[in-house]
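Only one structure is covered here, and it is reproduced in the block below.
Lettering follows sequence order; numbering is per chain, from 1.
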Amino acid sequence: MMNDSEADDGVALALAAWWEANARDLPWRFGRATPWGILVSEVMSQQTQMSRVVPYWTAWMAKWPDARALAGAPKAEVITAWGRLGYPRRALRLQECAQVVTNRYDDELPRTYDELVALPGVGDYTASAVLSFAYGRRVAVLDTNIRRVLSRVFCGQESLGGSASPLEREMAWRLLPEDLPSRRVSRAKGGVAPSVTWNQSIMELGALVCTAKSPLCGQCPLAEWCAFFRAGCPGLGQRRTRPRQRFQGTDRQVRGLVLGALRELPAGETLSRERVEGLWEDRAQLTSCVASLDDDGLIEILPNGSLRLPQ
DNA sequence: GTCCCGCTGC
DNA sequence: GCAGCAGGAC
């Protein structure tokens, strides 16, 4: 009979082997990106699939390789370059973040959780991910993938809705592999600390194998330890949260229409009031959405009622 | 808890 | 069609 510690070691070893063979070759992985580049990849990946992020990240980093470059870019260009990634407020937060990093930290991303999480657009997940993936620090990273995998493997149930509970955080920290003695770290594969590989592999497993609706348990390296699999996957895919708001007809759709029209315009041109009004039938909703885009700093409303991207 | 985008997979 | 996605701000 294995004790918990031996079982955990087995899980970590199986995961690391699976990672070596199956990790996607994303351009910000394997030491090819700066800490700033890694932060950009994390922000772009918030609520957005990695496969969609790759071309945007590559073009973005070619155009603005560091925080200082992004900090000085025209807002309109930043919004345009964000393209169809979605949640365009992330683009503005990222530029604000770049400005703070440039002005307050002399273009060098800070290395503590408190400083990182205080940056615009950086919350608990992104701060932890940067500490782990960019700086190799031993920190628990909790995103939707990791929460789902840990809950299934070690609790035998689907992770529940809402934000991460103290219990989940405690579990994530407890499972995190210890650092090797410093002298041996550099000899490990790629010089990557075990906790970093752990975080990356669990996340990747959640994205590729232990997916929300149809997990591929047949090819899962953790199946022999998985309490969820052993229990017959009770409540598989059970909704964690209340049904999401529909997209059709929502403010999100209308905002997307307006911003999309502005992005299509030649640089510096404005969208006339008439063309704005042609974008959506419901005048009241349209007006409200234009106002909210203005509040967010994503557009500017000119005195004659036409719109443009912020200068 | 609610609101934010756009795309992919089923 | 519709859920779900490397969340964060409010």
Please report the distance, rounded to the nearest Å, between [atom1] in [X] and [atom2] in [N].
X	N	atom1	atom2	result
A:Gln47	C:dA3	CD	P	15 Å
A:Asp296	B:dC3	CG	P	14 Å
A:Leu208	B:dT8	CG	P	17 Å
A:Glu204	C:dC5	CD	P	15 Å
A:Arg255	B:dT2	CZ	C1'	13 Å
A:Arg93	C:dA9	CZ	C1'	8 Å
A:Leu92	C:dG7	CG	C1'	16 Å
A:Tyr87	C:dG8	OH	C1'	10 Å

A quick test of your reading: do over 12 heavy atoms of other residues, nucleotides or ligands sit less than 6.0 Å from [atom1] of [X]?
X	atom1	answer
A:Arg273	CZ	no
A:Glu281	CD	no
A:Arg174	CZ	yes
A:Arg32	CZ	yes

Applying a 4.0 Å non-hydrogen cut-off, can you work out what [X] is touching in the nucleic acid: base, sugar-phosphate, or nothing?
X	value
A:Gly123	sugar-phosphate
A:Arg263	sugar-phosphate
A:Val141	nothing
A:Trp28	base
A:Asp124	sugar-phosphate
A:Arg52	base
A:Ala212	sugar-phosphate

With the side chain of [X] defined as its heavy atoms from C-beta on, choose the nearest nucleotide among [options].
X	options	value
A:Gln46	C:dA6, C:dG4, C:dG8	C:dG8
A:Lys213	B:dC7, C:dA6, C:dG4	C:dG4
A:Thr126	B:dC7, C:dA6, C:dG7	C:dG7

Is there a donor-acceptor contact under 3.5 Å from the side chain of A:Glu108 to the main chain of A:Tyr105?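 Such a contact is absent between A:Glu108 side chain and A:Tyr105 backbone.
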Taking only side-chain nitrogens and oxygens of A:Ser214, does any of them come within less than 4.0 Å of OP1 or OP2 of B:dG9?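 For B:dG9, OP1/OP2 do not have a side-chain N/O of A:Ser214 under 4.0 Å.
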Does a side-chain N or O of A:Arg89 approach OP1 or OP2 of C:dC10 to a distance below 4.0 Å, or not?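 It does not, given that no N or O in the side chain of A:Arg89 lies less than 4.0 Å from OP1 or OP2 of C:dC10.
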Mutual orientation of the aromatic rings belonging to A:Phe30 and A:Trp19 [parallel < 30°, tilted 30-60°, perpendicular > 60°]: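 A:Phe30 vs A:Trp19 ring planes: tilted.
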P spacing across the pair B:dC7 / C:dG8, given as an integer number of angstrom: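 Looking at atom P only, B:dC7 and C:dG8 are 22 Å apart.
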Same-atom distance (P) from C:dG1 to B:dC4, integer angstrom: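 Going atom to atom, P in each nucleotide, I get 23 Å.
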Under the criterion side-chain contact (heavy atoms from CB on, under 4.5 Å), which of A:Met203, A:Glu204, A:Arg24, A:Met44 is the partner of A:Met50?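 Running side-chain contact (heavy atoms from CB on, under 4.5 Å) over A:Met203, A:Glu204, A:Arg24, A:Met44 with A:Met50 returns exactly one hit, A:Arg24.
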Ionic contact status for A:Asp143 with A:Arg148, cut-off 4.0 Å: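 Salt bridge flag = no for A:Asp143 with A:Arg148.
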Has the side chain of A:Arg90 got a donor or acceptor that lies under 3.5 Å from a partner of the other kind on the base of C:dA6?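 There is none.
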Donor-acceptor pair present, A:Gln49 side chain and B:dG9 base, under 3.5 Å: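 Per atom types, no contact qualifies.
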Residue whose closest nucleotide on DNA chain C lies nearer the 5' end, A:Val122 versus A:Met50: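 Result: A:Met50.
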5'-most contact on DNA chain C: A:Pro120 or A:Ser41, nearest heavy atom basis?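 The residue mapped nearer the 5' terminus is A:Ser41.
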Heavy-atom pair of closest approach, residues A:Tyr56 and A:Arg84: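 The answer is OH-N, 3.1 Å.
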Of A:Gly260 and A:Ser163, whose closest DNA chain B nucleotide lies nearer the 5' terminus?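 Of the two residues, A:Ser163 wins.
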Let me check I have this right: for DNA chain C, each base becomes ., (, ), [, ] or |, based on Watson-Crick or G-U pairs with both distances under 3.5 Å. What is the full string? |||||.||||
